[in-house]
Amino acid sequence: MKRRDLCVLSNDHSKQSSRHLQGVITMQYDFINIEKKWQKIWDEKDIFAYEGRESNKPKYYMLEMFPYPSGKLHMGHVRNYSIGDVVARYKKRTGHNVLHPIGWDAFGLPAENAAIENKTAPAAWTYANIEAMRKRFKQLGISYDWKREIATCTPEYYQWEQQFFIEMYDKGMVYRKKAEVNWCNDCNTVLANEQVENGVCWRHGTVVEKRKIVQWYFKITDYAEELLSELDNLTGWPDHVKEMQRNWIGKSTGTYIDFPIDGSDKKVTVFTTRPDTVMGVTFASLAVEHELTDFILEQAENREEIQEFIDEVKELHANTHDDDYEKKGVFTGLYLLHPLNGEKVPLYFANFVLADYGTGVVMAVPAHDQRDFDFAQKYNLPIKAVIKPADKELELPLKEAFTDAGVMFNSGEFDGLTTAKGKKAVTYSVSEKGIGKKGVNFRLRDWGLSRQRYWGTPIPMVYCEKCGIVPVKKEDLPVVLPEDISFSGVTSPLKTLESFYKTTCPTCGGEAKRETDTMDTFVESSWYHIKYCDPHSTDRPFNPDEVNHAMPVDNYIGGVEHAVMHLLYTRYFTKVLADLGYVNFREPVKNLLTQGMVCLESYKMDGGYLYPEEVEQKEGKFLHKESGKEVIVGRKEKMSKSKKNVVDPVTLIEKYGADTARLFVLFAAPPERDLEWSEKGVEGSNRFISRLWNIVVKNSELITTLAAVAEPTEGKELHRKTHETIKKVSEDIEKAHFNTAISAVMELVNDCYRFTPKSDQEKAVLAEALRIAIALINPFVPHITDELRTLCNLDGIESMQPFPLWNEKALTRDEITVVVQINGKLRDRYQVAPTVTREEIESIVREHDYTKYLKSGEIKKVIYVPGKLVNIVG
RNA sequence: GCGAGAGUGGCGGAAUUGGCAGACGCACUGGAUUUAGGAUCCAGCGGGCAACCGUGGGGGUUCGAAUCCCCCCUUUCGCACCA
């Protein structure tokens, strides 16, 4: 049993084993001190400082999603920030003015929970965590411009958010309403729609309750159209993220049609995406929350039955998150009049009609909508077919709804029109009559941002008995969140802290009460990347010139879990800031990379999870060490505490060094794919670093003294390989193919090992190859490469050197290999001059006897792909 | 159900304007060195004795397909009564 998982090791073990590693593999490679040394130098020389808009270099804004300061670094962080760092360092070395900032998404629930547990103040807890995490980030050697660090929980940050809120309020972009909301009992607060996944809280997995609460809303729906259409221009975003946003926004185009209520001067309006089915309407369905409900109850004969049904549906909506419940309804007692044929259409309450989508009333066409079909069957309502397939008749009676497009029939003047034409014709017809119009509906809802919590940005509003709801005056901002508190209760202390909520009205000066809800933390993360561009302005949110210069973010890296929530909010907020006149761009992120999760298999026994150290492998079986029972090896899943399959990066860094950790997470998988953790793989990465170290140390004299020969006559292959590698690595980093960039450098180093220089020129070629290898791998493993450069007595710091450029001439070959295929199968190869012509190749082909491979015994045709391949057909 | 990805050696993964399948790494095997090896260096490593066969399965286009087209299977993710 040789397997030694990192996570198996306690601290003691890990120290032991690094001693072991230093003593044996890495006698000369003392990563602990080397990494500390260079981190200190980078810090002191401030070499990763962004130069601002005055710089004449092209700007490059490299951003990784900022972390929540939990205090603990996890493997996902290592991956996320290592990816960003390679690009940032590469761009710096290719002559860019790189903005690569970091900060803390510092408001949020965990701080409150910790505070309740430990009876401390959330602020103190948060700042201590930030300290701890900053140390870890520095330990990873990420090239941040630390002077731009921000924490969203400081008034210096959130005051501007309060200012934006007030300006949005003044422009009618924020409003307050009482509505059914998603309530998480673990969060003890409301969640936005985006934060509910399949009926459960995105963070806790607890079932979300429905509650009716007064909340503040951002009118994100005003931007629905732009948020949707602009996706087409985001060519640097992965398609699946754009698709998820499209689905979330959920635009549907259709028609509004008025249906008068029989025997009343009232009417209801329906929204339909299938106006071509309008003549098939046999009833209509109403949401129980509809405004017409009171009117119906007033005059209904079966009032009790209706009330019972309404209660039942409300109960259902509040407590069921399974969408598969039976379609039920009750007759309202009202009839609508069909606007085109005058027929009486019974109006039903139905449990599946959503109050907040469309108009809350649906025209029911049972023949062409499955839900309506089910409903009609249950309540014996007529089913009238009006659309048939283009090429055949419908089989009647229908066994299920025919929902495809087709041709209209049974529809009077519209008969014979296709679905596409019929939609237009019906819409035209109702708008002519003034009883309908074309319209659009979105699935996207307004962003409910109130949180009934303490640790967040106070919403800067005041309630005055005389003047109503009044925004805080801008000159009175910030509304400071009192930090020096500790609490044990569940409710927000703001609600009981008189010194906070008691205030005077900004308008009349009389007694008034502050809003005690705070903002959703997604508000902070919607504009932090903008604040980074000018983090220290105190008289305004930021200098727009700096922001307009640095933005948009050229490359944004983070988890795909934010594809809808954060990335939609931040796009929205950017548009708002543009409309408030703060910035001159409307999309915040040019290129987006969503990185995969870090996964590891888990071990399960008797329904519980086991830590890897509790498991051993014998004869291909996994056994519980203590009991000897067989263990179930789980699927490779995202590392999580609950599955006990977490590897602690700090242990990893202490055992192998930051360079190894970085190299491994970049090498083991392409960034967008899930990464499978492998202790053996880590060792492999560590081995490469040692190999690089050893060969450079061995040849350090040559590297110091021998300048590269531009066009060597000896050692040409290694020279060519060197320049091919520069090209490959440069192109791969640009394409975010970090794993193949690393493998290219590994190849070069392998070639160096195999190369024994026999002349001065060959020595110079080897020296060049090694210098280049150091330079190319530096963005991945910056500490060891900075050390190696110094060790070779070369001037300057490797991390600051211009990235190598390849020499096109060095890539040319004296001889090329042309592959010979016969009927598509590889049979031979020719070594020929690169200038070889088709005629020359054909004559070489005819010099050979390939008859045994030829089906017909003779060459019928020769296909030549210049410089690559010749295929003989015959 | 709808939508978007993915499927390649024992494993992670290369190769995508169609042109040498399996780069690089892990594991494994052999050799060198060593008191020793869980270190290091060198070499081998898809299957098959071979002809040949091989990129989830089946068809197709093509001189040529992992790559393009059609059907199917498996799998991951997102959405899911949105009228």
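Throughout, a chain's letter reflects where its sequence line sits, starting with A, and its residues are numbered from 1.
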Give the nucleotide from the list [options] with an atom nearest to the side chain of [X].
X	options	answer
A:H737	B:A83, B:A15, B:G19	B:A15
A:S743	B:C52, B:G19, B:A23	B:A23
A:R371	B:C81, B:A4, B:A21	B:C81
A:W248	B:C79, B:C42, B:A4	B:C79
A:N247	B:G13, B:G78, B:A43	B:G78
A:T740	B:A43, B:A23, B:C82	B:A23
A:M244	B:G78, B:C24, B:C81	B:G78
A:K868	B:G19, B:C82, B:A14	B:G19

Want to know the stems of RNA chain B: at least 3 consecutive Watson-Crick or G-U pairs with distances under 3.5 Å, which are they?
B:1-7 with B:73-79, B:10-12 with B:24-26, B:28-32 with B:40-44, B:56-60 with B:68-72
Provide the distance between the two [atom1] atoms, one in [N] and one in [M], to the nearest whole Å.
N	M	atom1	value
B:U17	B:G9	C1'	28 Å
B:U74	B:A83	C1'	34 Å
B:G54	B:G48	C1'	11 Å
B:G12	B:U61	C1'	34 Å
B:G10	B:U29	C1'	14 Å

NZ/NE/NH1/NH2 to OD/OE distance under 4.0 Å, [X] and [Y]:
X	Y	value
A:D276	A:K423	no
A:K314	A:E289	no
A:E724	A:R720	yes
A:D232	A:R246	yes
A:R371	A:D374	no
A:E731	A:K735	no

Name the nucleic acid region contacted by [X], choosing base, sugar-phosphate or nothing; use a 4.0 angstrom heavy-atom cut-off, strictly under.
X	result
A:V873	sugar-phosphate
A:R445	base
A:K825	sugar-phosphate
A:V361	nothing
A:E747	sugar-phosphate
A:F688	nothing

In terms of the angle between their ring planes, are A:Y853 and A:Y850 parallel, tilted or perpendicular, with boundaries placed at 30° and 60°?
tilted
State whether the distance check finds a donor on one side and an acceptor on the other, under 3.5 Å, for side chain [X] versus base [N].
X	N	result
A:K860	B:C63	no
A:R829	B:C20	yes
A:N871	B:C63	yes

B:G9: syn or anti, with syn meaning chi within 90° of zero?
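Base orientation: syn.
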For A:T817 and for A:K861, locate the closest nucleotide of RNA chain B by heavy-atom distance; then report the residue assigned to the nucleotide nearer the 5' terminus.
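Its nucleotide being nearer the 5' end, the pick is A:T817.
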Between A:Q821 and A:N351, name the one whose nearest nucleotide on RNA chain B is closer to the 5' end.
A:Q821
Could you point out which residue of A:R754, A:K721, A:K728 forms a salt bridge (Lys or Arg N to Asp or Glu O under 4.0 Å) with A:E747?
A:K721
Check the phosphate of [N] against [X], side-chain N and O only, distance under 4.0 Å to OP1 or OP2. Yes or no?
X	N	answer
A:R443	B:A83	no
A:R673	B:G12	no
A:Y753	B:C41	yes

Quick one: does NZ or CZ of A:K327 land under 6.0 Å from the six-membered ring centre of A:F375, within 45 degrees of the ring axis?
no
Centroid separation under 6.0 Å, is that true for the rings of A:H338 and A:F283?
no
Above 12 or not: heavy atoms from other molecules or residues under 6.0 Å from NZ of A:K438?
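For A:K438, atom NZ is not crowded (no more than 12 foreign heavy atoms under 6.0 Å).
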All N/O pairs under 3.5 Å across the protein-nucleotides 25-28 of chain B interface:
| unit_1 | atom_1 | unit_2 | atom_2 | d |
| --- | --- | --- | --- | --- |
| B:G25 | OP1 | A:N750 | ND2 | 3.1 |
| B:C26 | OP1 | A:R687 | NH1 | 2.3 |

